[in-house]
2 protein chains.
Amino acid sequence: MGIIRKTKSVKKILNEFQVESKALSTLDLIHRFEAEFNKTTIYRVLDKLEDDGVLHSFQGKNGVKWYAKCEDCTEHKHSDIHPHFQCLSCGQTDCLDFSIHIPKIPNREVSFSQFLLQGRCEKCLV
Amino acid sequence: MGIIRKTKSVKKILNEFQVESKALSTLDLIHRFEAEFNKTTIYRVLDKLEDDGVLHSFQGKNGVKWYAKCEDCTEHKHSDIHPHFQCLSCGQTDCLDFSIHIPKIPNREVSFSQFLLQGRCEKCLV
DNA sequence: CTGTTAATGCAACTGAGTTGCAAATAAAGC
DNA sequence: GCTTTATTTGCAACTCAGTTGCATTAACAG
């Protein structure tokens with residue numbers, strides 16, 4: 001069950017994803033909004049936005065969950081499967097805009113995938 | 001810094017990865033050896049085996065860390081980058097034996113990747 | 001404005017993983 | 001086999017990311 005009421009927290013969190021076009025971790029958001037919202041609220045709102053197909057999530061390397069905006073997903077179908085890149089220097093994480101071709105795997109049914117790349121981003125590659 | 005002494009725990013954990021050719025989670029191993037070794041030991045030994053390039057690790061979906069045997073890796077070079085598949089029914093997780101072609105990403109340096117697929121395995125696809 | 005109910009904040013919690021330190025033990029040398 | 005050294009182990013306590021229950025607050029419909 002997703003978002004039912006457009007609360008202050010829903011609006012502000014969504015705005016954050018609109019303003020920046022990169023992935024944000026749960027900790028990012030908890031820090032940014034710590035004066036305004038409880039971390040419980042952050043976790044719950046992110047959960048609901050994912051249920052609604054507005055955001056998608058992936059596990060970062062050290063056990064932290066990241067979220068990014070979906071393109072063209074709905075509540076029932078997450079079709080936006082693409083790699084994510086996390087910079088090991090500055091920590092910034094964003095979606096890469098190429099698709100991974102997953103070959104048909106015999107005798108298995110794939111319903112979810114996540115692909116995480118790590119290294120150094122443009123700003124840190126000096 | 002990796003393994004220096006061939007202790008009982010090192011031998012038994014390595015044997016577990018020899019016997020089964022699939023990935024094992026930290027929790028799998030903690031449960032299997034709970035009568036014999038402390039979970040601290042399990043975590044430490046896995047860490048050291050990864051340092052040595054004997055095992056590689058990846059994050060499962062729900063924050064649990066998984067390990068699998070490496071092929072041809074050493075302490076200094078992890079060259080064994082391949083997808084992992086986790087069954088959402090039985091939980092079994094193993095390495096898939098195809099490579100993913102990562103296109104050259106402009107202005108970034110990739111030093112690590114992990115690719116997790118989830119769905120249903122052969123046994124659970126009925 | 002009122003009533004309903006979803007959302008929020010809080011404290012306490014869970015679970016995966018980590019740390020510090022004393023005790024145990026693997027290995028080398030004799 | 002014994003001694004010494006240094007690594008490893010087990011334990012208790014911890015951290016951290018995320019979750020839960022419940023009383024209070026606030027969004028929304030009328």
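A note on names: the letters A, B, ... follow the listed sequences, proteins ahead of strands, and every chain is numbered from 1.
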Trainee: Using a cut-off of 4.0 Å on non-hydrogen atoms, how would the nucleic acid contact of I30(A) be classed: base, sugar-phosphate, or nothing?
Mentor: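 Answer is nothing: I30(A) stays at 4.0 Å or more from every strand.
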
Trainee: Return the value, rounded to whole Å, for the distance between atom NZ of K48(A) and atom C1' of dG18(D).
Mentor: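 After rounding, the reported distance stands at 16 Å.
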
Trainee: Taking N and O atoms by type only, does the side chain of K39(B) place a donor or acceptor under 3.5 Å from a partner on the base of dG10(D)?
Mentor: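 Side chain to base: no pair present.
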
Trainee: Is atom CG of N15(A) surrounded by more than 12 heavy atoms (other residues, nucleotides or ligands) closer than 6.0 Å?
Mentor: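 Counting neighbours around CG of N15(A), more than 12 heavy atoms of other residues, nucleotides or ligands fall under 6.0 Å, so yes.
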
Trainee: Mind checking whether L24(A) and K22(A) have side chains closer than 4.5 Å, heavy atoms only?
Mentor: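 Side-chain contact under 4.5 Å: yes.
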
Trainee: Can you tell me how far P of dT8(D) sits from CG of D51(B), to the nearest Å?
Mentor: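 After rounding, the reported distance stands at 11 Å.
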
Trainee: For a side-chain contact (heavy atoms from CB on, under 4.5 Å) with Y67(B), tell me which candidate from I13(B), D28(B), D47(B) qualifies.
Mentor: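 It is D47(B); the other options fail the test.
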
Trainee: Side chain of I4(B) only, heavy atoms from C-beta on: which candidate in dT8(D), dT19(D), dT18(C) is closest?
Mentor: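 Looking only at heavy atoms from C-beta outward on I4(B), the closest nucleotide is dT8(D).
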
Trainee: Starting at the 5' end of DNA chain C, which residue's closest nucleotide do you reach first, K11(B) or G63(B)?
Mentor: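 In this pair, the answer is G63(B).
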
Trainee: Output the rounded distance in Å from CZ (F33(A)) to P (dA7(C)).
Mentor: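 For the pair F33(A) CZ and dA7(C) P, the rounded distance is 18 Å.
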
Trainee: If you go through the side-chain atoms of R5(B), does one of them form a donor-acceptor pair with the base of dA6(D) closer than 3.5 Å?
Mentor: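 Such a pair is found, so the answer is yes.
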
Trainee: T40(B) side chain N/O closer than 4.0 Å to the phosphate oxygens (OP1, OP2) of dG10(D)?
Mentor: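 Negative; the distance criterion is not met.
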
Trainee: Could you tell me whether the phosphate oxygens of dA27(D), OP1 or OP2, come under 4.0 Å of any side-chain nitrogen or oxygen in T7(A)?
Mentor: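 The answer is no; no side-chain N or O of T7(A) sits under 4.0 Å from OP1 or OP2.
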
Trainee: Taking E122(A) first and then R108(B), would you say they form a salt bridge - that is, a charged N and a carboxylate O separated by under 4.0 Å?
Mentor: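 Salt bridge: no.
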
Trainee: Return yes if the base of dG18(D) and the side-chain atoms of R44(A) contain a donor-acceptor N/O pair under 3.5 Å, otherwise no.
Mentor: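 Not at all, since no donor on one side and acceptor on the other fall under 3.5 Å apart.
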
Trainee: Under 3.5 Å, side chain of D51(A) to main-chain N/O of K48(A), donor-acceptor pair present?
Mentor: no

Trainee: To the nearest Å, give me how far apart CG (N62(A)) and C1' (dG15(C)) are.
Mentor: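 After rounding, the reported distance stands at 17 Å.
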
Trainee: Below the 4.0 Å mark, does dT9(D) have OP1 or OP2 next to a side-chain nitrogen or oxygen of N38(B)?
Mentor: no

Trainee: Relative to the 5' end of DNA chain D, which residue comes earlier, E36(B) or V64(A), by the nucleotide with the nearest heavy atom?
Mentor: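 Going by which nucleotide is closer to the 5' end, it is E36(B).
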
Trainee: I3(B) CD1 to dT9(D) P: how many Å, rounded?
Mentor: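 Atom-to-atom, I3(B) to dT9(D), this comes out as 7 Å.
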
Trainee: For the side chain of L27(B), starting at C-beta, report the closest nucleotide among dG10(D), dA16(C), dC10(C).
Mentor: dA16(C)

Trainee: Between R32(A) and E20(A) (salt bridge meaning N to carboxylate O under 4.0 Å), is one present in this structure?
Mentor: yes

Trainee: Mind checking Q59(B) for me? I need base, sugar-phosphate or nothing, with any heavy atom below 4.0 Å counting as a touch.
Mentor: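 Here Q59(B) touches no strand at all.
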
Trainee: Using atom NZ of K12(A) as one end and atom P of dA7(C) as the other, report the distance to the nearest whole Å.
Mentor: 19 Å

Trainee: Would you kindly give the CG-to-P distance between D47(B) and dT19(C), to the nearest whole Å?
Mentor: 9 Å

Trainee: Taking CG from D52(A) and P from dA6(C), how many angstroms apart are they, rounded to a whole number?
Mentor: 15 Å

Trainee: With a cut-off of less than 4.0 Å, is there a side-chain N or O of Y43(B) near OP1 or OP2 of dG17(C)?
Mentor: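 True: Y43(B) side-chain N/O within range (under 4.0 Å) of dG17(C) OP1/OP2.
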
Trainee: If only side-chain N and O atoms of T26(B) are considered, is one of them under 4.0 Å from the OP1 or OP2 phosphate oxygen of dG17(C)?
Mentor: yes

